[in-house]
Amino acid sequence: MKIVVLDGYSANPGDLSWEAFKEFGELKVYDRTAPAEVLQRASDADIVLTNKVALDAQTLSELKNLKMIGVLATGFNIIDTEAAKRQGVVVCNIPAYSTDSVAQMVFAHILNITNQVGYYSLQNRQGRWSQNPDFTYWDEPLHELAGMTLGIVGLGHIGSKVATIGRCFGMDVFAFTSKNSADLPSGIQKTTMEGLLGVSDILTLHCPLNAKTHELINRESLKKMKHGAILINTGRGPLVNEQDVADALQTGQLGAYGADVLCSEPPAADNPLLKQPHAYLTPHVAWATLEARKRLMAIALSNVKAFEEGHPQNVVNP
């Protein structure tokens with residue numbers, strides 16, 4: 001059995017170990033793999049592990065030995081799963097490993113925006129507090145979360161965790177979800193998408209990216225939000241139209257945008273959000289806590305073991 005990891009650096013830049021995978025055969029780990037290098041590196045692999053290196057139908061058709069693809073993430077849109085199924089290749093993902101980490105990042109963004117931690121830290125490093133005539137100063141608004149309305153699009157693992165944390169802060173929680181109202185935890189009120197836009201002081205996106213949710217947040221939906229509302233996106237970049245969000249920040253219709261994901265990663269230098277002072281962008285790191293990556297590696301290993309034993313788990317193309 002030959003196992004090839006195409007882009008191992010992002011999940012494991014050196015603080016974790018691939019050693020346990022050697023139990024199942026020969027292991028080759030590449031930090032990064034360019035599209036033109038995939039066929040050469042994976043040509044005789046039985047199992048390929050990949051995070052963001054895409055495997056389309058044409059590429060799959062040339063990997064004659066391939067039996068399993070392990071996606072080192074929850075999302076698996078980089079794989080042509082139907083082509084893999086036709087070829088008899090099992091595709092497995094890693095579900096729910098980063099729920100706590102992503103929910104934490106949601107509130108890292110929210111608290112940074114409402115308390116301006118980053119802004120004041122920068123001001124003080126530049127000497128402003130040392131030169132201030134009073135014991136304190138503030139020139140950016142500060143807000144309590146208690147009493148605010150938190151709107152959540154999607155109540156999967158992460159959305160539900162965000163709702164729980166929001167309730168602990170004393171927020172009123174509304175959600176747009178396919179779940180029945182009777183099945184929602186106490187304290188979460190179901191509403192329509194339009195209703196959610198109108199009621200939310202802070203709107204956070206936790207729905208899958210598909211044809212219905214692509215650019216769910218756009219010029220028209222932003223107009224329906226409260227003036228100065230906060231938008232958080234730790235889901236997928238294309239859930240929003242980035243130019244429309246930048247325009248809404250420019251006019252003040254949107255008070256702030258906290259995002260860990262963009263439509264193109266890394267972003268182009270002319271991405272309109274990079275010029276907006278109230279766009280707070282982190283480089284797709286919500287999933288990357290040490291604890292979450294340990295879980296990711298453990299589940300990836302478990303996926304390989306289960307496949308080897310003849311009962312694959314976390315299969316996304318049954």
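Just so you know, these numbers use all the heavy atoms, side chains as well, and skip hydrogens, waters and symmetry mates.
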Ignoring hydrogens, what is the shortest heavy-atom contact between [X] and [Y]? Give both atom names and the distance.
X	Y	value
Val315	Cys92	CG2-SG, 4.1 Å
Arg41	Thr33	NH1-OG1, 2.9 Å
Ser160	Lys179	OG-NZ, 4.0 Å
Leu63	Ala42	CD2-O, 3.4 Å
Leu301	Ala20	CD2-CB, 3.6 Å
Asn65	Ser43	ND2-O, 4.4 Å

- request: Can you run down the salt bridge (charged side-chain N to carboxylate O under 4.0 Å, His left out) pairs that involve residues 67-92, sequence neighbours left out, and say none if there aren't any?
  value: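 Residue pairs with at least one partner in residues 67-92: Asp46-Lys67.
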query: Restricting to pairs with a member in residues 180-189, which pass salt bridge (charged side-chain N to carboxylate O under 4.0 Å, His left out), not counting sequence neighbours?
result: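 Found none.
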Find out whether [X] and [Y] are in side-chain contact, i.e. whether some heavy atom of one side chain is under 4.5 Å from a heavy atom of the other.
X	Y	answer
Val240	Leu205	yes
Gln276	Gln250	yes
His109	Ile230	no
Val91	Val71	yes
Tyr9	Tyr30	no
Thr81	Phe76	yes
Thr177	Leu184	yes
Glu140	His278	yes

message: Ignoring hydrogens and geometry beyond distance, is a side-chain donor-acceptor pair present between Glu291 and Ser101 at under 3.5 Å?
response: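 No, because no side-chain N or O of Glu291 sits under 3.5 Å from a partner of the opposite role on Ser101.
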query: Taking atom types as modelled, is there a side-chain donor on Tyr257 or Asn233 under 3.5 Å from an acceptor on the other?
result: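 Yes.
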- request: Please indicate whether Lys161 has more than 12 foreign heavy atoms, meaning atoms of other residues, nucleotides or ligands, lying under 6.0 Å from its NZ.
  value: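 Count not over threshold, so no.
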Gln87 atom CD, neighbour heavy-atom count above 12 within 6.0 Å: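 More than 12 within 6.0 Å, yes.
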Mind checking the [atom1]-[atom2] spacing from [X] to [Y]? Nearest 0.5 Å is all I need.
X	Y	atom1	atom2	value
Ile110	Ile232	CD1	CD1	5.0 Å
Thr234	His206	OG1	NE2	4.5 Å
Leu273	Gln243	CG	CD	8.0 Å
Leu249	Asp244	CG	CG	11.0 Å
Ile94	Arg295	CD1	CZ	11.5 Å

- request: Give me the ring orientation class for Trp287 and Tyr97: parallel if the planes are under 30° apart, tilted from 30 to 60°, perpendicular past 60°.
  value: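 Correct class here is perpendicular.
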Between the side chain of [X] and the main-chain N/O of [Y], is any donor-acceptor distance below 3.5 Å?
X	Y	answer
Asn210	Lys212	yes
Ser221	Asn218	yes
Asn124	Tyr120	yes

- prompt: salt bridge (charged side-chain N to carboxylate O under 4.0 Å, His left out) between Asp7 and Arg32: does it pass, once the steps are laid out?
  reply: CA-CA 4 Å; Asp7 53 348; Arg32 301 170 185 84; over 6 Å; no
task: State which residues pass salt bridge (charged side-chain N to carboxylate O under 4.0 Å, His left out) with Asp139; sequence neighbours excluded, sorted by chain then number.
output: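 Applying salt bridge (charged side-chain N to carboxylate O under 4.0 Å, His left out) to Asp139 gives Arg128.
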List the residues meeting side-chain hydrogen bond (donor to acceptor under 3.5 Å, both in side chains) with [X], not counting sequence neighbours, and say none if there are none.
X	answer
Lys294	none
Asn51	Ser10
His284	Glu265

query: Should the pair Lys305 and Phe307 be classed as cation-pi, given the thresholds of under 6.0 Å to the six-membered ring centre and 45° from the axis?
result: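 Ring-cation test returns no.
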Step-by-step salt bridge (charged side-chain N to carboxylate O under 4.0 Å, His left out) determination, Lys275 to Asp270: CA-CA 8 Å; Lys275 298 178 181 178; Asp270 61 353; over 6 Å; no
